2 protein chains.
Amino acid sequence: MNFISRDTDYAVRALIFMAGVSKKEIITVDEIVKKERLPERFLRRILQRLAKSGILTSHKGKKGGFSFFVPPAAIRLTDIMEIFQGKIDLTNCLLKSKVCPNVKKCPLRKKLKNLGQGLDTELKKITIVSLSKER
Amino acid sequence: MNFISRDTDYAVRALIFMAGVSKKEIITVDEIVKKERLPERFLRRILQRLAKSGILTSHKGKKGGFSFFVPPAAIRLTDIMEIFQGKIDLTNCLLKSKVCPNVKKCPLRKKLKNLGQGLDTELKKITIVSLSKER
DNA sequence: TTTAATGATACTAATATAGTATTATTAAAA
DNA sequence: TTTTAATAATACTATATTAGTATCATTAAA
Ligand code: FES
Ligand code: FES
């Protein structure tokens, strides 16, 4: 089971690259593609989606490109995952009403909820900046 | 992101049903299908796989069916997930060598490893019997 | 030898993921 | 104002995974 999809992976790589250049600068897709060797059109769509989601700002026209809207220190891995993969929700009912009809009382549900929340708080500590520092 | 695939879901339902009947009895696929309303041929394959994996024993011929090889108290949710979905491995390198080249030192990796192990030990506590008791 | 069960394997359908192509829009700069 | 260098929108295609079906072989009890 894979935890990270390719969209998330590419998005994170691109963001880390952008954070590494200079926080306020506008960076073009081509620059990222050249350095990170990612498929151009695919990455375009990913960045567009990041812009729509309010992580990046897009600048059209000549001298255009993308820049951070949210500062990279405030962009969490979970934010990116949520955009491309949806919420990581361990607390979803595992077995549907057929097996476990008593949703309110189900201790499994409770247990998983706690687990999920623990995982979530830990994951939320991982930001683009904390990742880019590793390099 | 869905944590539990349908195979796992159906397998767990079938096993809970079987555990509810009588521990040693041989149960046919048809019985399970009727009670749990699962797609017959699909469930067959699932039970076959459980037999191959050593969870169940299959009995061919008339009066045949499936019985537990591993007692339901010892069958963990994670065992089933592993059979149908592979290991839940948070510790996989998230970003490949492109982003995070220093696999040995990477603190993210370390952090995720701890997270994953925590999740794993908690999940391992959930067994077929503990689930069937909820009902 | 009939019958009622599983075993093996191949096939199909639906959905999700990954990636490409095309045309429109925008804004700087010549 | 026209050219140019960028993104926007949207539709398409390819591949992989998941979900489910069909067929025929095997087995063992009655
Ligand atoms: S598993 Fe769904 S309520 Fe218990
Ligand atoms: S994310 Fe892979 S080694 Fe750090």
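In what follows, chains carry the letters A, B, and so on, assigned in the order in which the sequence lines appear, proteins first and then strands, with residues in each chain numbered from 1. Fair warning: this is a prediction, and the values are worked out from it, not measured in the lab.
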Could I get the full list of ring-ring contact (aromatic ring centres under 6.0 Å, His included) partners for B:Phe42, not counting sequence neighbours? B:Tyr10
Those residues at least two apart in sequence (or on a different chain) that pass side chain to side chain donor-acceptor pair (under 3.5 Å) with A:Asp7 are none
What pairs with A:Lys63 under side chain to side chain donor-acceptor pair (under 3.5 Å), at least two apart in sequence or on another chain? none
For B:Lys124, the side-chain contact (heavy atoms from CB on, under 4.5 Å) test, sequence neighbours excluded, returns B:Arg76, B:Thr78, B:Asp120
[atom1] of [X] versus [atom2] of [N]: gap in Å, rounded?
X: A:Ile4; N: C:dA16; atom1: CD1; atom2: P; result: 19 Å
X: A:Phe66; N: D:dA5; atom1: CZ; atom2: P; result: 18 Å
X: B:His59; N: C:dT3; atom1: NE2; atom2: C1'; result: 19 Å
X: A:Arg6; N: D:dT17; atom1: CZ; atom2: C1'; result: 13 Å
X: B:Leu43; N: C:dA5; atom1: CG; atom2: C1'; result: 14 Å
X: B:Glu40; N: C:dA5; atom1: CD; atom2: P; result: 11 Å
X: B:Phe84; N: D:dG20; atom1: CZ; atom2: C1'; result: 14 Å

Under a 4.0 Å N-O cut-off, is there an ion pair linking B:Asp9 with B:Arg13? yes
Heavy-atom nearest nucleotide on DNA chain D taken for A:Thr28 and for B:Phe42; more 5' hit belongs to A:Thr28
Tell me what B:Asp7 touches on the nucleic acid: a base, only sugar-phosphate, or nothing, going by heavy atoms under 4.0 Å. sugar-phosphate
Numerically ordered, the residues 46-54 of chain B set in heavy-atom contact under 4.0 Å with DNA chain C is B:Gln48, B:Lys52
Phosphate OP1/OP2 of C:dG7 contacted by B:Ser58 side-chain N/O (<4.0 Å): yes
I want to check one thing: is the phosphate of C:dG19, taken as OP1 and OP2, less than 4.0 Å away from some side-chain N or O of A:Tyr10? yes
Tell me if a side-chain donor or acceptor on B:Ser53 pairs with a main-chain N or O of B:Arg49 at a distance below 3.5 Å. yes
Is there a side-chain contact between A:Phe68 and A:Leu56 in this structure, where contact means two heavy atoms from C-beta onward sitting under 4.5 Å apart? yes
Could you check if a side-chain atom of A:Leu15 sits within less than 4.5 angstrom of a side-chain atom of A:Ile128, using non-hydrogen atoms only? yes
Taking all atoms of both residues into account, what is the closest heavy-atom pair of A:Glu40 and A:Val29, and its distance? O-CG1, 4.2 Å
Per-nucleotide protein contact string for nucleotides 22-30 of chain D (B base, S sugar-phosphate only, - none; heavy atom under 4.0 Å): BB--BBBBS
